[in-house]
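In what follows, a structure is listed as structure tokens, so that the remarks can point back to it.
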2 protein chains.
Amino acid sequence: MAVHIRFDLNEQLFIKDPAESDLGRRIIEHSILLFNKLGYEKFTFKKLAIEINSTEASVYRYFENKHHLLLYLVSWYYEWINYLIYANLINVTEPKKRMQVIIQNIVEASIQNPLIDYVNESLLHKIVVAEGTKAYHSIDVDEENKYGYFRSYKTLVKFIADEIGKYKPDFSYPKSLASNMIEMANNQGYFADHLPALTDVKKGEKCNRQLVKMINYFVFKILE
Amino acid sequence: MAVHIRFDLNEQLFIKDPAESDLGRRIIEHSILLFNKLGYEKFTFKKLAIEINSTEASVYRYFENKHHLLLYLVSWYYEWINYLIYANLINVTEPKKRMQVIIQNIVEASIQNPLIDYVNESLLHKIVVAEGTKAYHSIDVDEENKYGYFRSYKTLVKFIADEIGKYKPDFSYPKSLASNMIEMANNQGYFADHLPALTDVKKGEKCNRQLVKMINYFVFKILE
DNA sequence: TTCAAATAATAGTAATACTTTTAAAAAAAA
DNA sequence: TTTTTTTTAAAAGTATTACTATTATTTGAA
């Protein structure tokens with residue numbers, strides 16, 4: 001059975017919906033590959049166009065610029081996490097267990113079943129870890145926030161904050177803990193890979209398991 | 001009495017030491033102003049050169065490119081925090097009180113006495129909060145780490161981790177808690193200003209006080 | 001089949017991120 | 001003080017980036 005999902009991303013993130021055409025889907029697919037290969041700074045629409053045997057001008061018909069493309073990918077990622085968490089929480093009622101499922105999904109999203117053929121979720125996760133903060137660390141953050149460009153991330157934070165509220169109703173910092181859980185998962189994973197002096201998590205296959213364990217430890221200490 | 005301090009930054013961060021010439025100091029002073037005004041992406045050496053009545057080529061004699069300039073500024077900032085913490089911990093012996101001083105300094109660094117006339121520490125703090133993660137979120141992070149470009153940040157994390165070790169010797173995650181304290185202070189402050197849905201800290205004059213209180217709460221809950 | 005939309009191909013512009021050369025000015029050494 | 005070296009300013013130049021515009025061709029829906 002194939003499950004068909006279409007995330008409702010903010011329509012101002014793109015000029016023409018990339019999910020709706022073959023070229024659009026190739027843009028998404030190969031931008032994920034190329035962002036991973038080159039990093040955000042060295043990625044250009046020209047190079048992407050060459051990869052997909054198309055032209056710069058055609059790519060520009062889908063996205064205003066590479067910043068918008070990054071915003072699209074990051075939003076897609078958080079929509080996907082929202083979906084995964086939602087799906088994995090069905091039938092889980094105990095608040096503590098629900099928090100554990102959330103942490104698991106934030107960290108290990110990449111090893112879940114891929115959902116959409118043209119999106120390599122594992123590589124997308126790497127992009128979010130390595131480049132994700134660039135989406136909102138921009139001089140135009142306030143204006144972009146007005147346009148709702150960060151809605152998917154905010155939705156996830158709100159959801160987690162509400163779960164924290166269920167677990168401990170009198171807790172004073174649900175939103176901060178929620179956003180810090182996500183940021184910490186991303187950061188500490190990145191540090192394990194690239195700046196090991198900044199983390200106790202060791203690089204390798206069990207990296208994610210350590211991360212899950214650590215974030216669980218932190219979160220339940222704070223909430224106890 | 002004037003106190004003269006000269007931070008020993010990694011010499012590979014610059015081509016020619018900006019602290020040692022008038023033009024160099026003007027480059028630092030105005031790059032802090034211009035990064036604040038334009039943000040990292042729109043900042044260029046050309047625009048900086050115009051501000052300081054010099055030329056692009058002259059700026060290039062000090063820094064390889066704007067990424068290195070950002071690395072220099074971020075390193076300078078963390079050297080400064082290291083210094084402030086060191087100075088404010090003299091005569092503080094109780095481990096808990098020492099942790100509190102550290103948290104205070106991470107968050108409120110900007111309101112301490114300015115140290116060097118050509119560095120606006122308050123604006124520099126804003127740059128670190130808004131653009132600091134771009135220093136190490138780069139495709140060249142591994143190579144740059146080998147060159148020791150992140151030494152100042154790592155020194156600070158190591159210092160805090162050691163203090164955590166003094167406070168609670170059997171704690172499993174001293175480095176992760178230390179780096180998360182810094183990242184959290186920066187992030188949550190940025191969110192309060194720009195993405196309030198992601199934090200419980202309210203914007204305004206008491207923002208830093210709330211931040212200090214919250215981070216104290218988190219840290220001592222985790223370490224209790 | 002026709003008509004509209006999407007794409008490819010091509011070209012072009014302004015700005016960016018540099019490098020190079022030369023000359024003038026300033027600092028250091030003799 | 002003069003000479004030498006270093007630093008800076010001025011000017012010009014290049015490759016790449018980040019776009020925009022135009023036109024021809026292809027594709028897909030009515």
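Reminder, nothing fancy here: chain letters follow the sequence lines and each chain counts from 1.
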**Request:** Could you state the atom-to-atom distance from CD of B:Glu41 to C1' of D:dT17 in whole Å?
**Result:** 15 Å
**Prompt:** Any chance the side chains of A:His68 and A:Tyr149 put a donor and an acceptor closer than 3.5 Å?
**Reply:** yes
**Request:** Round to a whole Å and report the spacing from NZ of B:Lys47 to C1' of C:dA14.
**Result:** 12 Å
**Asked** Under 3.5 Å, is there a donor-acceptor pair linking the side chains of B:Thr133 and B:Glu183?
**Response** no
**Fill in**
In whole angstroms, the gap separating P of C:dT16 from CG of A:Asn65 amounts to 15 Å
**Asked** C:dA17 C1' sits how many Å from B:Ile15 CD1, rounded?
**Response** 13 Å
**Request:** Would you please name every residue forming a ring pair (Phe, Tyr, Trp, His ring centres under 6.0 Å) with A:Tyr62, sequence neighbours left out?
**Result:** none
**Asked** Between atom CZ in B:Phe43 and atom P in C:dC18, what is the gap in whole Å?
**Response** 12 Å
Give every pair of a protein N or O atom and an N or O atom of nucleotides 6-13 of chain D that lie under 3.5 Å apart, one pair per line with the distance.
{"unit_1": "D:dT8", "atom_1": "OP1", "unit_2": "B:Tyr62", "atom_2": "OH", "d": "2.8"}
{"unit_1": "D:dT8", "atom_1": "OP2", "unit_2": "B:Tyr62", "atom_2": "OH", "d": "2.9"}
{"unit_1": "D:dA9", "atom_1": "OP2", "unit_2": "B:Ser54", "atom_2": "OG", "d": "2.4"}
{"unit_1": "D:dA9", "atom_1": "OP2", "unit_2": "B:Ser58", "atom_2": "OG", "d": "3.3"}

Under 3.5 Å, which N/O atoms of the protein pair with N/O atoms of nucleotides 27-29 of chain D?
none

**Prompt:** With a 4.5 Å limit on heavy-atom distance, are the side chains of A:Asn145 and A:Lys154 in contact?
**Reply:** yes
**Message:** List the residues meeting ring pair (Phe, Tyr, Trp, His ring centres under 6.0 Å) with A:Tyr86, not counting sequence neighbours, and say none if there are none.
**Reply:** none
**Prompt:** So which nucleotide does C:dA30 pair with, by the Watson-Crick or G-U wobble rule with both distances under 3.5 Å?
**Reply:** D:dT1
**Request:** Give me the ring orientation class for A:Tyr72 and A:Phe14: parallel if the planes are under 30° apart, tilted from 30 to 60°, perpendicular past 60°.
**Result:** perpendicular
**Item:** Distance in angstrom units between A:Ile50 CD1 and C:dA8 P, rounded
**Value:** 14 Å
**Item:** Non-neighbouring partners of B:Val119 that pass side chain to side chain contact (heavy atoms under 4.5 Å, CB included), sequence neighbours left out
**Value:** B:Ile28, B:Ile32, B:Trp76, B:Ile116, B:Glu121, B:Leu124
**Fill in**
Separation of D:dT20 atom C1' from A:Glu64 atom CD, nearest Å, is 13 Å
**Request:** Would you mind telling me which of D:dT20, D:dT17, C:dA17 lies closest to the side-chain atoms of A:Tyr60?
**Result:** D:dT20
**Prompt:** Does the separation of the ring centres of A:His137 and B:Tyr190 fall below 6.0 angstrom?
**Reply:** yes
**Among C:dT16, D:dT17, C:dC18, the nucleotide that comes nearest once only the side chain of A:Thr44 is considered** = D:dT17
**Item:** B:Tyr40 OH to C:dA17 C1', straight-line distance once rounded to whole Å
**Value:** 12 Å
**Item:** Pairwise salt bridge (Lys or Arg N to Asp or Glu O under 4.0 Å) hits with a residue in residues 135-144 of chain B, at least two apart
**Value:** A:Lys42-B:Asp140
